[in-house]
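Quick notes on the structure that follows.
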Amino acid sequence: MTENVTLHAAFASHIDVALDALEAAGTLPTGLSRANVAVEPPRDVSHGDLATNAAMVLAKPAGTNPRALAEALSAELVKVPGVTGAEIAGPGFINLKIDHAVWIAELRAIAALGGDYGRSDMGGGRTVNVEYVSANPTGPMHMGHCRGAVVGDALATLLEFAGHKVTREYYVNDAGGQVDVLARSVHLRYREALGEAVGEVPEGLYPGDYLIPVATELAAEFGDKYTAAPEADWLVTFRTRAVAAMLVMIKADLALLGIHHDLFSSEAELQAAGKPEEAEKWLRAHDLVYDGQLEAPKGKTLDDWEPVELPLFRSTRFGDDQDRPIKKSDGSWTYFGADLAYHFQKAASADALVDIWGADHAGTVKRIKAAVAALTQGAGQEKPFEIKLVQMVQLLRNGEPVKMSKRSGNFVTLADVVQEVGKDVVRFTMLTRKPEAQMDFDFAKVVEASKDNPVFYVQYANARIASTLRKGAEAGFAPSGEALDQLGAEELELIKVAAQFPRLVEAAAAAREPHRVAFYLYDLAGAFHAYWNVGNDRPEKRFIVAQDGKLTAARLYLAAQIGQLLKNGLSLLGVEAVEEM
RNA sequence: GCGCCCGUAGCUCAGCCGGAUAGAGCACCAGAUUCCUAAUCUGGGGGCCAUGGGUUCGAAUCCCGUCGGGCGCACCA
């Protein structure tokens, strides 16, 4: 095995070779898809070291029965160096026993590759655009934005590690009505900064104090020039300046979480460049946009509802329950109208698109996917476009829900939470559930120092390793790979968990599920803690055995590699590995 | 009314493209601490994988219905 081919990858190719041999021998028809052939650790360790489902997957298309095919395949697999046994079990699994030397070699691979252990070329350098956060630039980040921000950022890092070129993008909605409200809110604060008594912030404007600094700047720069001027005179200036100020604040909030986007795309610039018009023209030419009337909203009664003729996208053709307007009656673009043009533009610069959205936008998924698919197909450059929905997070304090109200400005800001519990806790916690499930974020639980808290549990494993290496050094022992034959069965169990990391990375990247990395790290930490405690009863199983320098050097080498792996995994999540607790 | 997500142990959750006897943690019970960090570990009890059908050699996993919970259903963003 070369140092760049990890164990699972190597066995995947061994099985490929064995299947080729069966094809050559006529035992297996040629050309069967092997896409579902897997090599994985068996559920029960007594079954062996690695198992493959190849015979079961291929039996049916091959027109044979799984056991017979398994017989033939296992006869090939026992020829592979390092395989010490192959047994057929259950409906047709082949369980392989692997020589200790193979596992030891994998441990050396971790040492040789270091931070690159687990890195994959699965992505083949293809470009993926991950758009996440994209909060409206009307105020600071609050906790409602947090989960999507963390999931998107971890996914971007994971995809990079799995061989993709990733662009982290933030779509700035600086063109809708909400930024006009922002501008008016700032104008009020501007008048206030010039000494006017403005009283309570009226309903419909943003009340937050965070608008005061930019308003004060505008007051200093323009004096009373705009205090009594008609809105048309100042709206664009105030809007532009306010949005810029909000973005500075948002970027600072994101930086607290360790998040940095590569690209901030402006909706206003997109519109100024005429992109939505281009999209509309093409869609009209292909009968996907027409002028028509919207149905009255169902499930709720609107007093002011009246039918109007608008340009509509035929999203009902794609499973939506009604066609959707791309322009408002005043001629300006709807969010959707601009957004489809935006995604079309993004698709031109990447091989694949991934959007991370809050679950409250679930209703708009069908229409945007339909529109983007139509546009990219039409341009002859259809691109995979996935939208990952991230469900709500309920904040709890002492078991009681924390109430948030944007109206009163009483929302929990991201900055406050990061300050209270720390970046690493926020990031790791947000990744300890699959994103499509709702989650609770309990301030008390996430900072608890116990194994109930995965953040802590994983960090503790790394701290123990660091501590052990320090103690070893004090006693004159350094990790060494010279005598790894000293490692026995208990140590191999730990290495087996470690060896799954590369496979885990690829599976998580393929599924776009960074939370799997967090769960894996919890398992790895558990395996480490379990091994560690063997030494409680049996001092000869401790990492540092003073009277046996060779053994100690080998065990410290193992500890160092597990530590390396924890660091690799944590860095995918954007979490620092702590050396001391 | 419609769309999307969820429903797995008392609680909180994993379960990868359908695969072997459904797994963790908490809680509960019984143990381990002159220890390299016991902030941990070992063992035990606890399941109709919401429910009814279907597809399959094989379903927690895929499909359809039902029930329950969440989110959404503007020319907003």
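Computed over heavy atoms, backbone and side chain alike; hydrogens, waters and symmetry mates excluded. Quick note on labels: first sequence line is chain A, next is B, and so on, each numbered from 1.
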Per-nt protein contacts along nucleotides 2-8 of chain B (heavy atom under 4.0 Å; B base, S backbone sugar-phosphate only, - none) come out as SSSSSS-
Say you pick atom P in B/rA9 and the same atom in B/rA50; how far apart are they, in whole Å?
8 Å
So is A/Arg397 actually on top of A/Phe443's ring, under 6.0 Å and inside 45° of the axis?
yes
Quiz question: going by heavy-atom distance under 3.5 Å, is there a donor-acceptor pair between the base of B/rU33 and the side chain of A/Asn536? no
Worksheet item: Would you say the side chain of A/Ser315 lies within less than 4.5 Å of the side chain of A/Gln322, judging by non-hydrogen atoms?
Response: no
Notebook entry, point to check: For B/rG15, does OP1 or OP2 lie under 4.0 Å from any side-chain N or O of A/His515?
Noted result: yes
Writing each nucleotide of RNA chain B 5' to 3' as (, ), [, ], | or . by Watson-Crick or G-U pairing under 3.5 Å yields (((((((..((((.....[...)))).(((((.......))))).....(((((..]....))))))))))))....
Suppose we call two aromatic rings close when their centres sit under 6.0 Å apart. Are A/Phe528 and A/Phe543 close by that rule?
yes
Base orientation of B/rC6, chi within 90° of 0 counted as syn, else anti, reads anti
**Prompt:** Which whole number of Å gives the distance between the C1' atom of B/rG44 and that of B/rA24?
**Reply:** 16 Å
So the side-chain hydrogen bond (donor to acceptor under 3.5 Å, both in side chains) pairs with at least one residue in residues 540-549 of chain A (sequence neighbours excluded) are A/Glu490-A/Lys541, A/Arg538-A/Glu540
- Item | Any A/Tyr531 side-chain nitrogen or oxygen under 4.0 Å from OP1 or OP2 of B/rU42 | no
Problem - A/Ser467 side chain near B/rU37 phosphate (N/O to OP1/OP2, under 4.0 Å) - result: yes
